[in-house]
Amino acid sequence: MMSGEGEEKVVCVTGASGFVASWLVKLLLQRGYTVKATVRDPNSPKTEHLRELDGAKERLHLFKANLLEEGSFDSAVDGCDGVFHTASPVIFLSDNPQEWYSLAKTLAEEAAWKFAKENGIDLVAIHPGTVIGPFFQPILNFGAEVILNLINGDQSFAFPYVFVEIRDVVYAHIRALEVPKASGRYLLAGSVAQHSDILKFLHEHYPTLLRSGKLEEKYQPTIKVSQERAKSLGINFTPWEVGVRGCIESLMEKGFLS
């Protein structure tokens, strides 16, 4: 990604300590943007990886904000050329259907489109599949948990994964801001990997890491998602194997694997 596109521009990234948002902050700083990043606690150790980024000292400003506190994002958003709203609780398991993660995301997007229409806001929605790749935040993200669980022998979720590499996701977000014609919704689906394909890849390239040598041939109907709109932003999707390698390298570097 080239640098300099964001010089003299100010953007806000919400939920900045998360997986996607951390990478977003990193690449925005590389492109010259000044970034106002919201986190729940600016002084938490969970934000150290952000403060250590190149350009952070000069152009990264951390703001305390909470999704449940109305108005807490006002100062961070004020004066920005664009806002990347990534903050969201990621909780997949719940006994209450009204508290499912998928439902929350759906309702939140519906509310966002309604608010944007009523207030004349230029809104773009980015919808990635399971995001994988190297990570530098201290807490495991969902994609890393998927790979770690497979390595540890957990095959309870033996279904096809729609993978997309983290840098493709972040680049799509940035392009959604920088490309004037960008509009509407963009689905990001780099490639579909069968559960058994991932296990074969792990067995071939990381045999010493696998807790179980058993390979189960559980093929499920394939999933097809159009890449046409995403490619109109200039996205060239990275093979899922690259994302898995990056994820495993980070898992080893951070001590989750040995």
Side-chain angles (χ1 to χ4, degrees), residues 1-90 104-128 136-139 141 166 169-186 233:
M1 297 177 69
M2 298 176 63
S3 60
E5 290 84 348
E7 290 182 1
E8 299 184 1
K9 292 183 180 178
V10 181
V11 293
C12 174
V13 177
T14 70
S17 61
F19 177 40
V20 172
S22 292
W23 268 99
L24 187 53
V25 170
K26 178 178 181 176
L27 297 188
L28 285 167
L29 290 173
Q30 286 182 4
R31 291 169 86 84
Y33 286 91
T34 293
V35 181
K36 300 167 76 174
T38 73
V39 292
R40 281 181 284 186
D41 181 3
N43 299 314
S44 168
K46 295 179 182 179
T47 65
E48 287 181 9
H49 66 289
L50 298 175
R51 293 193 291 268
E52 294 172 353
L53 292 172
D54 289 343
K57 196 171 191 180
E58 300 80 16
R59 290 178 285 108
L60 176 63
H61 308 281
L62 298 180
F63 289 76
K64 182 177 181 178
N66 190 314
L67 285 171
L68 301 181
E69 295 178 11
E70 186 172 352
S72 65
F73 289 83
D74 291 356
S75 60
V77 171
D78 186 44
C80 288
D81 296 287
V83 177
F84 298 92
H85 181 43
T86 72
S88 176
V90 182
K105 295 292 282 188
T106 300
L107 295 178
E109 187 186 356
E110 288 179 354
W113 284 114
K114 183 175 183 292
F115 184 83
K117 183 177 180 180
E118 292 173 349
N119 293 274
I121 295 174
D122 184 9
L123 177 67
V124 176
I126 304 291
H127 297 272
F136 56 97
Q137 81 282 354
I139 297 176
N141 51 282
I166 178 61
V169 175
V170 172
Y171 187 50
H173 279 75
I174 295 174
R175 292 290 289 170
L177 174 69
E178 294 180 347
V179 176
K181 66 179 181 180
S183 64
R185 309 171 84 238
Y186 292 88
L233 291 176

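Looking at every heavy atom in both residues, Ala37 comes nearest to Leu60 through CB-CD1, 3.9 Å. Between Ala172 and Ile126, the shortest heavy-atom contact is O-CD1, 4.1 Å. The minimum heavy-atom distance between Val13 and Ala21, with the atom names listed, is CG1-CB, 3.8 Å. Taking both residues in full, the closest heavy atoms of Ala65 and Thr38 are given as CB-CB, 3.8 Å, listed atom of the first, atom of the second, then distance. Taking every heavy atom of both residues into account, Thr14 and Ala87 meet most closely at OG1-N, 3.0 Å. The two atoms that bring Val11 and Cys80 nearest to each other are C-SG, 3.8 Å, heavy atoms only.
Using modelled atom types, no side-chain atom of Lys36 and backbone atom of Cys12 make a donor-acceptor pair closer than 3.5 Å. Side chain of Ser17 to main chain of Thr47: no donor-acceptor pair is present (N/O by atom type, distance under 3.5 Å, no hydrogens or angles). With hydrogens and angles disregarded, a donor-acceptor distance shorter than 3.5 Å links the side chain of Ser22 to the backbone of Ala16.
Within the 4.5 Å cutoff, the side chain of Leu28 has no heavy atoms near those of the Arg59 side chain. The shortest side-chain heavy-atom distance between Val39 and Lys46 does not fall under the 4.5 Å cut-off. By the 4.5 Å heavy-atom criterion applied to side chains, Phe19 and Ile139 are not counted as neighbours.
Shown here are the side-chain hydrogen bond (donor to acceptor under 3.5 Å, both in side chains) partners of Thr34, two or more places apart in sequence or in another chain: there are none. With sequence neighbours left out, Asp54 forms a side chain to side chain contact (heavy atoms under 4.5 Å, CB included) with no residue at all. For Asp41, the side chain to side chain contact (heavy atoms under 4.5 Å, CB included) partners are Asn43, Ser44, not counting sequence neighbours.
The stretch residues 30-64 participates, sequence neighbours left out, in these ring pair (Phe, Tyr, Trp, His ring centres under 6.0 Å) pairs: His49-Phe136. Residues in residues 109-120 take part in these side-chain hydrogen bond (donor to acceptor under 3.5 Å, both in side chains) pairs, two or more places apart or across chains: Glu109-Trp113, Glu109-His127, Glu109-Arg185, Lys114-Glu118. Among residues at least two apart or in separate chains, there is no side-chain hydrogen bond (donor to acceptor under 3.5 Å, both in side chains) pair with a member in residues 63-78.
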Before you tell me yes or no, could you show the steps for Leu67 and His85 under side chain to side chain contact (heavy atoms under 4.5 Å, CB included), namely the whole-Å CA-CA distance, both residues' side-chain angles and the distance that decides it to 0.1 Å? CA-CA 11 Å; Leu67 285 171; His85 181 43; 3.9 Å; yes
Please lay out, stage by stage, how Phe115 and Leu123 fare under the test side chain to side chain contact (heavy atoms under 4.5 Å, CB included). CA-CA 10 Å; Phe115 184 83; Leu123 177 67; over 6 Å; no
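With Val25 as reference, Leu53 is the one residue of Leu53, Leu62, Thr86 to meet the side chain to side chain contact (heavy atoms under 4.5 Å, CB included) rule. Checked against His173 for a side chain to side chain contact (heavy atoms under 4.5 Å, CB included), the options Leu24, Leu233, Leu27 give a single hit: Leu24.
To the nearest 0.5 Å, atoms NZ (Lys9) and CG (Leu177) are separated by 7.0 Å.
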